[in-house]
Amino acid sequence: MIRHAICAIAFSIGLTAAAQADELRFHGALAQDGVRERVTELLGEQPAWVDFVLERGGVEGKPITLTLKDQSYEYYETCRPHECVMKRIGMMIGEDGVVYVRLFGTKTDDQVFGEPPAEIEKVLRAQG
């Protein structure tokens with residue numbers, strides 16, 4: 001009886017871990033068809049920390065789903081480890097595939113890319 005209980009607990013923990021592992025985070029979204037290319041196109045030449053985070057990864061939070069003007073968007077965020085306050089990247093992907101990016105950082109690094117409509121830029125700037 002105890003063995004069955006232990007197996008049931010282990011199985012449920014495994015299912016929970018698998019469900020969490022399947023959740024798409026920043027770099028998983030970045031790897032989707034065409035997204036990386038669009039982000040590279042939008043950002044162009046950027047400070048070294050941006051390339052570091054995009055290439056090597058960073059601290060990633062859970063995505064946020066937003067609906068604006070009847071369109072669904074997923075917002076993802078990542079940052080350079082140990083420097084998250086000043087070196088973060090936010091990315092918003094629309095259900096139609098449109099991509100917007102915000103670099104958080106110093107006044108010179110804090111920029112929004114992709115020419116989003118005003119309401120989307122407002123949401124991007126409200127993060128953090």
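Excluded from the calculations below are hydrogen atoms, water molecules and symmetry mates; all remaining heavy atoms, backbone and side chain alike, are included.
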| query | What distance separates Leu43 CG from Met91 CE, expressed to the nearest 0.5 Å? | reply | 10.5 Å
| message | Return the CG to NZ distance between Leu103 and Lys87, rounded to the nearest 0.5 Å. | response | 12.0 Å
| query | Is any side-chain N of the basic residue among Arg102 and Asp110 closer than 4.0 Å to the acidic one's carboxylate O? | reply | yes
| field | Side-chain donor/acceptor of Glu95 to backbone N/O of Ser72, under 3.5 Å | value | yes
| query | Judged by modelled atom types alone, do Asp96 and Gln71 share a side-chain donor-acceptor pair under 3.5 Å? | reply | yes
| So, are Glu55 and Arg36 salt-bridged, with charged N and O less than 4.0 Å apart? | yes
| Val59, Phe26: one ILVMFWY side-chain cluster at the under-4.5 Å cut-off? | no
| message | In the structure I gave you, are the side-chain heavy atoms of Ile89 and Trp49 within less than 4.5 Å of one another anywhere? | response | yes
| So, for Pro63 and Arg25, which heavy atoms are closest and what is the spacing to 0.1 Å? | CD-CD, 4.3 Å
| query | In Å, rounded to the nearest 0.5 Å, how long is the span from CD1 of Ile93 to CG of Leu30? | reply | 8.0 Å
| message | Between His27 (side chain only) and Val53 (backbone N and O only), is there a donor and an acceptor less than 3.5 Å apart? | response | yes
| query | Looking at Tyr100 and Gly114, what are the two nearest heavy atoms and their distance? | reply | CE2-O, 3.3 Å
| field | From Leu24 atom CG to Glu60 atom CD, the distance as rounded to the nearest 0.5 Å | value | 9.0 Å
| Gly90 and Tyr75: which non-hydrogen atoms are nearest, and at how many Å? | CA-OH, 3.5 Å
| message | Could you go through Leu68 and Tyr73, starting from their C-alpha distance and side-chain angles, then the distance that decides it, and tell me whether this counts as side chain to side chain contact (heavy atoms under 4.5 Å, CB included)? | response | CA-CA 8 Å; Leu68 299 167; Tyr73 295 88; 4.1 Å; yes
| task | List for me each residue that meets salt bridge (Lys or Arg N to Asp or Glu O under 4.0 Å) alongside Glu115, sequence neighbours excluded, and say none if there are none. | result | none
| request: Rounded to the nearest 0.5 Å, what's the gap from CG on Leu54 to OG1 on Thr40? Could you check? | output: 7.0 Å
| task | Measure across Phe113 and Leu42 and return the closest heavy-atom pair with its distance rounded to 0.1 Å. | result | CD2-O, 3.3 Å
| query | Rounded to the nearest 0.5 Å, what separation is found between the CZ atom of Phe104 and the CD atom of Glu77? | reply | 4.5 Å
| task | Could you verify whether a donor N or O on one side chain and an acceptor N or O on the other, from Glu74 and Thr65, lie under 3.5 Å apart? | result | yes
| field | Under 3.5 Å: donor-acceptor pair, side chain of Arg88, backbone of Cys84 | value | yes
| task | Using side chain to side chain contact (heavy atoms under 4.5 Å, CB included) as the criterion, point out the one residue from Val99, Val98, Val101, Leu66 that pairs with Met92. | result | Leu66
| request: Could you pull out the closest heavy-atom pair between Gly58 and Pro81, with the gap in Å? | output: CA-CD, 4.1 Å
| field | Ion pair check, Glu41 and Arg38, cut-off under 4.0 Å | value | yes
| remark: Between Leu124 and Val112, the two heavy atoms sitting closest are CD1-CG1, 3.8 Å
| So is Arg80 actually on top of Phe52's ring, under 6.0 Å and inside 45° of the axis? | yes
